[in-house]
Amino acid sequence: METDQLEVVRTISHLREAVARYRAAGETMALVPTMGFLHEGHLSLMRQGRSDHDRVCATLFVNPRQFAPGEDLETYPRDEAADIAKLQAEGVDLLFAPSVGEMYPTDAATTVLVTGITDCLCGASRPGFFEGVATVVTKLLLQALPDTAIFGEKDYQQLMVIKRFARDLDIPVTIRGGLTVREEDGLALSSRNAYLDQEARARAPELFRAISHAASEIASGANVDQAVMEARERLRSAGFNEIDYLDHRDAETLAMATDISRATRLFVAAWLGQTRLIDNVPVV
Ligand code: PAF
């Protein structure tokens, strides 16, 4: 357990003051943006940051711009005191937890729009989602100007979108992915797992099992359409009421996979009652 105090800042100018102190001491910094309700997946990203940098800065901001009307902005789980305790125990140096007003002046008129790779998967099923993510992450990167920013591979398309705009906009930050952390039964950790009741929680690991099985079938030469169809069938039998997508795609371009000699992944988003779960695995 670290004894150094976690410094909590809520304004962009205080964030910049803290980062300037680190820089003046010649220190490097990793940034781990989150929407809070931290779990082991987030904490593994903090550890990844810690292993390569002198300082780790987490951000906690439930970004209203990435929720469409009717989505779960109001009910999104929040527990700032518990998050602060976890970051403190993890030895994180700095937490930036701004208000909505601090992040978005009322006359804010700028949106970061990434085209192409946002047309499919979550970009297709959650219109406006990636504009919200790209806008807030651009702001966080420019506010903190870390050496590296780390995002979980569970949101794989998000990671690819962030890598793309950081490159396109010449933002001088290295974007890294962190491996998905899973429960023992395979369910990917997610703050939204808190929505699952006991019955849904028991069914949820079938998401990972279905795509893992299909991925190993495809890797050993099975027909892709057949493997995907069987995985969809498996999800329906397990009680998933709607499947937004279950696709085999290129791991870099996110186009439908046609060339199995390139890295590919299986991506899924499906609903258990009112809860939308996503996951993805490499086809190896
Ligand atoms: O993955 C998340 O928690 C969010 O989309 C992010 C990257 C913190 C932006 O709000």
Side-chain angles (χ1 to χ4, degrees), residues 10 12 15 30-46 48-49 56-68 71-80 82-83 86-87 92 94-104 108 110-114 117-118 121-123 125-144 146 148-166 169 171 173-182 188-195 267 269 275-280:
R10 298 188 186 275
I12 299 159
L15 168 69
L31 187 79
V32 184
T34 81
M35 297 206 301
F37 213 68
L38 302 178
H39 50 64
E40 218 15 70
H42 298 112
L43 301 179
S44 74
L45 304 180
M46 309 291 163
Q48 189 174 330
V56 179
C57 173
T59 75
L60 191 178
F61 181 63
V62 181
N63 173 31
R65 289 225 192 165
Q66 67 190 74
F67 291 78
E71 288 191 344
D72 56 345
L73 174 62
E74 277 76 31
T75 53
Y76 194 83
R78 292 170 166 96
D79 190 344
E80 193 188 271
D83 289 343
K86 288 175 189 168
L87 294 172
V92 169
L94 183 62
L95 172 64
F96 177 47
S99 65
V100 173
E102 179 71 8
M103 286 298 276
Y104 297 118
T110 306
T111 294
V112 177
L113 178 67
V114 183
I117 55 167
T118 55
L121 302 174
C122 287
S125 45
R126 299 184 66 190
F129 170 66
F130 283 119
E131 275 107 289
V133 169
T135 303
V136 81
V137 175
T138 299
K139 287 168 66 70
L140 292 168
L141 295 178
L142 295 176
Q143 288 159 356
T148 302
I150 310 174
F151 301 86
E153 277 190 355
K154 203 211 95 197
D155 300 292
Y156 190 89
Q157 186 181 21
Q158 169 174 279
L159 172 64
M160 299 319 271
V161 168
I162 293 168
K163 281 189 171 170
R164 189 68 68 90
F165 73 70
L169 298 177
I171 299 176
V173 176
T174 304
I175 308 300
R176 292 232 156 85
L179 292 178
T180 301
V181 179
R182 299 181 180 281
L189 296 194
S190 163
S191 305
R192 287 190 169 97
N193 291 351
Y195 297 147
F267 296 89
T275 305
R276 182 178 184 273
L277 298 174
I278 66 171
D279 204 348
N280 68 92

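Each ligand, and each atom within it, is numbered from 1 in the order the structure gives. For the single chain, residues carry numbers from 1 onward in sequence order.
Applying the salt bridge (Lys or Arg N to Asp or Glu O under 4.0 Å) criterion to Arg276, with sequence neighbours excluded, gives Asp244. For Asp72, the side-chain hydrogen bond (donor to acceptor under 3.5 Å, both in side chains) criterion is met by Arg192, Tyr195, not counting sequence neighbours.
The two residues Cys122 and Ile278 have their closest heavy-atom pair at SG-CG2, 4.2 Å. Heavy atoms only, all atoms of each residue included: Gly36 and Ser191 are closest at O-OG, 3.4 Å. Residue Leu159 comes nearest to Arg176 through the heavy atom pair CD1-O, 3.8 Å, listed as atom of the first residue, atom of the second, then distance.
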Need the list: ligand 1 N/O atoms against protein N/O atoms, distance under 3.5 Å, rounded to one decimal.
residue: ligand 1; atom: 1 (O); partner: Gln158; partner atom: NE2; Å: 2.8
residue: ligand 1; atom: 5 (O); partner: Gln66; partner atom: NE2; Å: 2.9
residue: ligand 1; atom: 5 (O); partner: Gln158; partner atom: OE1; Å: 2.7
residue: ligand 1; atom: 10 (O); partner: Gln66; partner atom: OE1; Å: 2.6

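Among pairs with a residue in residues 56-67, those fulfilling side chain to side chain donor-acceptor pair (under 3.5 Å) read Asn63-Gln66, Asn63-Tyr104, at least two apart in sequence or across chains.
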